[in-house]
Novice: 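This is the structure, below, for whatever I ask next.
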Number of protein chains: 2
Amino acid sequence: MASIHDVAKEAGVSVATVSKVINHYPDVSEKTRKKVKNAIELLRYRPNVIARGLVTGRSWTVGVLINIPFTNPYVAMLLEGIKTALENSGYDLMRLSARLNDPEYSFVNHCQSRNLDGVVVFGVDKDHLSIQELIESGIPTMFVDTDATGLRAGNITTDNRNGAHMSVRHLAQLGHRRIAYLAGTPGHEVNESRLAGYRDGLEASSIPYRKEYIMSGDYSYDSGFQGMKMLLELDEPPTAVICISDMAAFGVIHAIETHGLNVPGDISVVGFDNIYEAELFKPALTTINQNIHTIGVKLIEELISMIKNPDYPPPVVTEPSSLIIRESTAKCREFGE
Amino acid sequence: MASIHDVAKEAGVSVATVSKVINHYPDVSEKTRKKVKNAIELLRYRPNVIARGLVTGRSWTVGVLINIPFTNPYVAMLLEGIKTALENSGYDLMRLSARLNDPEYSFVNHCQSRNLDGVVVFGVDKDHLSIQELIESGIPTMFVDTDATGLRAGNITTDNRNGAHMSVRHLAQLGHRRIAYLAGTPGHEVNESRLAGYRDGLEASSIPYRKEYIMSGDYSYDSGFQGMKMLLELDEPPTAVICISDMAAFGVIHAIETHGLNVPGDISVVGFDNIYEAELFKPALTTINQNIHTIGVKLIEELISMIKNPDYPPPVVTEPSSLIIRESTAKCREFGE
DNA sequence: CTGAAAGCGCTTACAG
DNA sequence: CTGAAAGCGCTTACAG
């Protein structure tokens, strides 16, 4: 590909001058600007972003560290939002093949070695060594669903607490009192916030908290299935269950049906996320909507603001959640009585 | 971050020598190698990939141009395979924010400006200007589901033709003779291959081809829903329908049920792709499995081979497909009789 | 075995 | 308004 030297030669000027017209410096005569522009056109010249980055220190690249499969619908929607926001920004997105389990590996070094302008992190534990190092590095960073912050690090998350609260209230209004919570991984911020919201909801409806109604899981279909099987073996099984994710809810429903019971006839089920499939599933899933696409878009907008302005305060944004009522919840009618 | 100069100073050697130990040149004395290694350790130095790339011409970056939403399960699985294959290769993946509709924009320039070592293209029309330019550029390229090739460009795809053929045979064995094809976009290679397989299947079972049984669509849920509604209005509606994708099949089933008919009682439905949801759907979907994850892995392996060896012949690989029989197909029993 | 020098493709003071 | 020169962080012949 033609280099800036080729253009300079073609136009009969110096490379410095070519550089100035590329970068829209005002102090270039109209005449030489024309000459240079013609040469650029003729040679189909495009500046090499890499070389430019070496001197300006900017790569026009945003890195992403996502430690969750792309096949996870939540991840897919997030990436779609990120992609949308990036579209005409001039930035490209780089997925880093991070070897987080290799003690020799440093995520920060990886980012610096690639000159990344900013980075988004999703699905990595807040107190992972790499994350601490990242925060201290001063690389503009946005965390998703992790309440980490730093001088140049902000985060964004859904209002998980209120989401779970709404689920409980909805079920309580339908007459449910035995409401289980099929949870995520203990310690995960998302899980803890929703657990808090669940307890808020119980309290608001004067329903006592029962430890045996809490099942830990890992957000997957399978963990929903397994957890529900255990709940069904309780002396007093729940009449409703709130799930940490829609995928887990699908597993829960499958377990209930396998057990010969019906959703929502015997047991009501609420999901979390409102993934595309929630609507197609039978019964269509009552769930908490997260504006994941919006989160993806906003997170990039904020990140770019941080990149462009060193004084931009690291944002902490909470995106509202909402209850979507479909077919998987109904009036409580105690089964087996 | 520490540069090679810092390391050289710390170790008391030249930058050339540091470079040699980094790159495992043999002609360095054990003693200075030690000194340098210590300095590297001390300063936590990592070579700057960008700067290195400027001189070696390699960026250790693979670009990806995907013109389909990440939320498409097929895309997600493909990316997951790509990710897996990239994991310990030293390459990172860059998603290019390509402005394909901007006439000023050149995809090849974009790749060159970023020094990409190779690129994978999915979901872009074969005769898009950018694609032609790309093939001619000599940048190592792998196309997915597009039969483009070039001096440095190969492709990979599922055996679509045989997949569709198997679907028809399966339905014919169940006694179906009125088999519709809810197709994709006319002109798309994937669509044409499957249409050919569909006709192969009809022929093998001596079923005449009926033009009114072909419905074009765009692979989406909605196009399945709309297409099926039209098929149901035919004087002689089909008793079975083969779909271009699982998502379209879900739409088809929804249309059938909305019409008051049952799947598979009244009409059998076969999908294509075998996405994760196919198994969870009710009725669980009979479909053609594509080894999408494997395609993602192989495609990167081939691409890296092409990158590393200029003489590596551009591969054209066809991944086998297979029929997965579930609950959405059953013996033909003509309804409305 | 070691290092000085040129160069990858750019930008940025600075001198004229 | 224009351009020579230094430099971003590396690698690679080449001389010693």
Side-chain angles (χ1 to χ4, degrees), chain A residues 1-40 43-61 90 108-117, chain B residues 1-40 43-61 90 108-117:
Chain A
M1 197 167 68
S3 82
I4 197 170
H5 286 99
D6 302 323
V7 176
K9 186 184 284 182
E10 177 68 31
V13 298
S14 72
V15 295
T17 302
V18 175
S19 177
K20 279 173 192 159
V21 351
I22 294 168
N23 295 295
H24 306 102
Y25 278 53
D27 59 340
V28 181
S29 76
E30 205 45 47
K31 199 173 129 212
T32 67
R33 188 183 300 279
K34 277 264 168 58
K35 276 196 299 189
V36 171
K37 288 215 161 177
N38 284 336
I40 288 175
L43 301 175
R44 310 209 60 209
Y45 168 73
R46 298 293 146 186
N48 184 308
V49 180
I50 292 296
R52 174 183 284 171
L54 197 57
V55 16
T56 60
R58 298 188 60 177
S59 61
W60 290 94
T61 305
V108 172
N109 274 331
H110 195 161
C111 295
Q112 287 170 332
S113 149
R114 289 225 175 249
N115 251 299
L116 263 29
D117 292 338
Chain B
M1 199 167 67
S3 82
I4 196 170
H5 285 101
D6 302 324
V7 176
K9 187 183 285 181
E10 177 68 32
V13 299
S14 73
V15 296
T17 301
V18 175
S19 176
K20 279 174 193 160
V21 352
I22 295 168
N23 295 295
H24 306 102
Y25 277 54
D27 59 338
V28 181
S29 76
E30 204 46 47
K31 198 172 131 210
T32 68
R33 189 183 300 278
K34 277 265 169 55
K35 277 197 299 187
V36 172
K37 289 216 161 178
N38 284 336
I40 288 175
L43 301 175
R44 311 208 59 207
Y45 168 73
R46 297 294 146 184
N48 183 309
V49 179
I50 293 298
R52 173 181 285 173
L54 198 56
V55 15
T56 60
R58 299 188 59 177
S59 61
W60 290 95
T61 304
V108 171
N109 274 331
H110 195 160
C111 295
Q112 287 170 333
S113 148
R114 288 224 175 251
N115 252 299
L116 263 29
D117 292 339

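Naming: A, B, ... by sequence-line order, numbering from 1 per chain.
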Novice: Just to verify, what does B:Leu54 make a side-chain contact (heavy atoms from CB on, under 4.5 Å) with, not counting sequence neighbours?
Specialist: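 Only A:Ile50, A:Ala51, A:Leu54 meet the side-chain contact (heavy atoms from CB on, under 4.5 Å) criterion with B:Leu54.
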
Novice: Taking any atom closer than 4.0 angstrom to a non-hydrogen atom of chain A, what span of DNA chain D does the protein reach, first nucleotide to last?
Specialist: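 With heavy atoms of chain A under 4.0 Å away, the range is D:dC1 to D:dG9.
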
Novice: Should B:Thr61 and B:Asn115 count as side-chain neighbours, where that means a heavy-atom distance under 4.5 Å?
Specialist: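 A side-chain contact is absent here, since even the closest heavy-atom pair is not under 4.5 Å.
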
Novice: Could you pull out all residues at least two apart from A:Thr32 that satisfy side chain to side chain donor-acceptor pair (under 3.5 Å)?
Specialist: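 Applying side chain to side chain donor-acceptor pair (under 3.5 Å) to A:Thr32 gives A:Ser29.
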
Novice: Indicate every side-chain donor-acceptor pair of residues 1-12 of chain B with a distance under 3.5 Å to a residue at least two apart or in another chain.
Specialist:
residue : atom : partner : partner atom : Å
B:Ser3  : OG   : B:His5  : N            : 3.1
B:Asp6  : OD2  : B:Ser3  : N            : 2.8

Novice: A:Asn23: what forms a side chain to side chain donor-acceptor pair (under 3.5 Å) with it, not counting sequence neighbours?
Specialist: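 In terms of side chain to side chain donor-acceptor pair (under 3.5 Å), with neighbours along the sequence ignored, A:Asn23 is linked to A:Ser19.
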
Novice: On a heavy-atom basis, which atom in A:Ser59 and which in A:Leu116 lie closest, and how many Å separate them?
Specialist: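 Looks like OG-CA, 3.6 Å.
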
Novice: Contacts to DNA chain C from residues 6-16 of chain B, heavy-atom cutoff under 4.0 Å, which residues?
Specialist: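 Within this stretch, B:Val13, B:Ser14, B:Ala16 sit under 4.0 Å of the strand.
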
Novice: Could you check whether B:Arg58 gets within reach of a base, just the sugar-phosphate, or nothing at all, counting any heavy atom under 4.0 Å?
Specialist: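 Answer is nothing: B:Arg58 stays at 4.0 Å or more from every strand.
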
Novice: DNA chain D: stems of at least 3 consecutive Watson-Crick or G-U pairs, cut-off 3.5 Å?
Specialist: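 Stem segments, range with range: C:1-3 with D:14-16, C:5-12 with D:5-12, C:14-16 with D:1-3.
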
Novice: Any pair with a residue in residues 20-33 of chain A that passes salt bridge (Lys or Arg N to Asp or Glu O under 4.0 Å), sequence neighbours left out, goes on the list, sorted by first then second residue, please.
Specialist: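 The answer is A:Glu30-A:Arg33.
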
Novice: Output all residues satisfying salt bridge (Lys or Arg N to Asp or Glu O under 4.0 Å) with A:Arg52, sequence neighbours left out; order by chain, then residue number.
Specialist: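 For A:Arg52 there are no salt bridge (Lys or Arg N to Asp or Glu O under 4.0 Å) partners, ignoring immediate neighbours.
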
Novice: Considering only heavy atoms, which members of residues 22-35 of chain A lie under 4.0 Å from some atom of DNA chain C?
Specialist: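 By residue number: A:Asn23, A:Tyr25.
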
Novice: Using a heavy-atom cut-off of under 4.0 Å over every strand shown, decide if A:Ser19 touches base, sugar-phosphate, or nothing.
Specialist: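 The answer is base, as A:Ser19 lies within the cut-off (heavy atoms under 4.0 Å) of a base atom.
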
Novice: For B:Arg44, what residues pass the salt bridge (Lys or Arg N to Asp or Glu O under 4.0 Å) criterion, not counting sequence neighbours?
Specialist: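 Here the qualifying residues are A:Glu133.
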
Novice: Restricting to side-chain contact (heavy atoms from CB on, under 4.5 Å), what partner residues turn up for A:Arg58, sequence neighbours left out?
Specialist: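 Applying side-chain contact (heavy atoms from CB on, under 4.5 Å) to A:Arg58 gives A:Thr56, A:Trp60, A:Tyr91, A:Asp117, A:Ile307, A:Lys308.
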
Novice: When rounded to the nearest 0.5 angstrom, what is the spacing between CZ in A:Arg114 and CG in A:Asn109?
Specialist: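 Result: 13.0 Å between the selected atoms.
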
